[in-house]
Amino acid sequence: MNAEMMRSDSHHTDYVLGDSAHELQRLIRQSALYADLTESFLRNAGISEGMRVLDVGCGPGCVSLLAGRLVGATGVVTGLDKSPQALALARNRANAEHLYHVEFVQGDLADLECINTYDALIGRFVLMFLQNPSHILKQLSQHIRRGGIVAFQEMDISAARPEPATPLLKQCGAWIQETFLHAKVDIQMGARLHKTFIEAGLTPPQMQLQAKLGGALDCQVLEYLTDIATSLLPIMERNGTATTETVQIETLATRLKQEMLLSGGILILPSLIGAWSKLPV
Ligand SMILES: C[S@@+](CC[C@H](N)C(=O)[O-])C[C@H]1O[C@@H](n2cnc3c(N)ncnc32)[C@H](O)[C@@H]1O
């Protein structure tokens, strides 16, 4: 099957988060945080036993592995990503879990040549990085059979906020948003999924909204924030958003925790918005 899906070299857009060892492990930690939300999304979208699923922008394979468990050994999941480092990690993880029906292929989803037909096209946190998501979604949907499913889960980062809005938490959120905006990432992609599906020629999608949130003693929300700040720090420095001196990454988690303990507040992480449509029969 891998030979049937080929990589074209004509599209090489920069992907802002890159594929450093830290970033790939961050994606795995992020996935652990969101696993229950993504699993319920995939189930609601209709991913079920025996299906053939294409997961685009799979990274180190977290969503592909989730889908692999849902479709079982009678199904197939193909994870596609342009990063060889991410794919090597994804393959190791699938082997370690004995999910031999989950395979990974290198390619650019903007330029996919594929003669397979799948029952479902899925993706998470990937359309937000594309410059023309509806056009690419339309192209990708051509690899799905009639009556098949298209399902994407994306973030609305603009919905993230501390409550109350204390200074360091606000500042940290602003650094992250500014860095993404500078890199032309659509931080409201989740909220634009409905429009994107329709522009791609799909039927108006069913949708769901979910979020994670927690206080200072819930180490996951603060880890999430400092983890992404660590991945983005070199880019923040390059584009002038912040410097290592202002961010002080080594002590950031401790200072954020102290601020939250003092305020007794919570941090609401980006909304996760899911959308899914069925292709006409
Ligand atoms: C934020 S990560 C999400 C990974 C995974 N879907 C998840 O939810 O954990 C985005 C992934 O999309 C991949 N990606 C971005 N643009 C791509 C493109 N044009 N073609 C293929 N992969 C792409 C990146 O390499 C990265 O692994």
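Each ligand, and each atom within it, is numbered from 1 in the order the structure gives. What you are looking at is a predicted structure, and each value in this text was computed from that prediction instead of being measured.
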So, is Asp55 polar-close to ligand 1, with some N/O to N/O distance under 3.5 Å? no
Identify whether the distance between the nearest side-chain nitrogen and carboxylate oxygen of Asp111 and Lys82 falls below 4.0 Å. no
So, Glu163 and Arg161, do they make that salt bridge, N to O below 4.0 Å? yes
Any nitrogen or oxygen of Gln30, side chain or backbone, less than 3.5 Å from one on ligand 1? no
Ligand-side contact atoms (ligand 1) for residue partner Phe129, heavy atom cut-off under 4.0 Å: 1 (C)
Check if Gly107 has a non-hydrogen atom at a distance under 4.0 Å from any atom of ligand 1. yes
Using every non-hydrogen atom in the two residues, find where Gln177 and Ser158 come nearest and quote the distance to one decimal. NE2-CA, 3.8 Å
Asp227 and its side-chain hydrogen bond (donor to acceptor under 3.5 Å, both in side chains) partner, picked from Arg29, Arg26, Gln220: Arg29
Donor-acceptor contact below 3.5 Å, side chain Arg52 vs main chain Gly75: no
Nearest candidate to atom 19 (N) of ligand 1, where distance is taken over non-hydrogen atoms, out of Asp108, Val185, Leu112: Asp108
Which bit of Phe125 is near ligand 1, meaning a heavy atom under 4.0 Å away: side chain, backbone, both or neither? both
Establish, for the pair Arg91 and Phe104, whether the NZ or CZ atom is under 6.0 angstrom from the six-membered ring centre and no further than 45 degrees off its axis. no
Contacting atoms of ligand 1, where contact means under 4.0 angstrom from a heavy atom of Val126: 12 (O)
For Val63, atoms of ligand 1 separated by under 4.0 Å from a heavy atom: 8 (O)
Polar proximity ligand 1 side, Leu80 side, N/O cut 3.5 Å exclusive: no
Can you find an N/O atom of Leu109 closer than 3.5 Å to an N/O atom of ligand 1? yes
Could you tell me which atoms of ligand 1, counted from 1 in the order shown, lie closer than 4.0 angstrom to a heavy atom of Ser31? 9 (O)
Determine whether the aromatic ring centres of Phe180 and His182 lie less than 6.0 Å apart. no
Could a heavy atom of Cys58 be found less than 4.0 Å from some atom of ligand 1? yes
Do the charged groups of Glu39 and Arg43 touch, with an N to O distance under 4.0 Å? yes
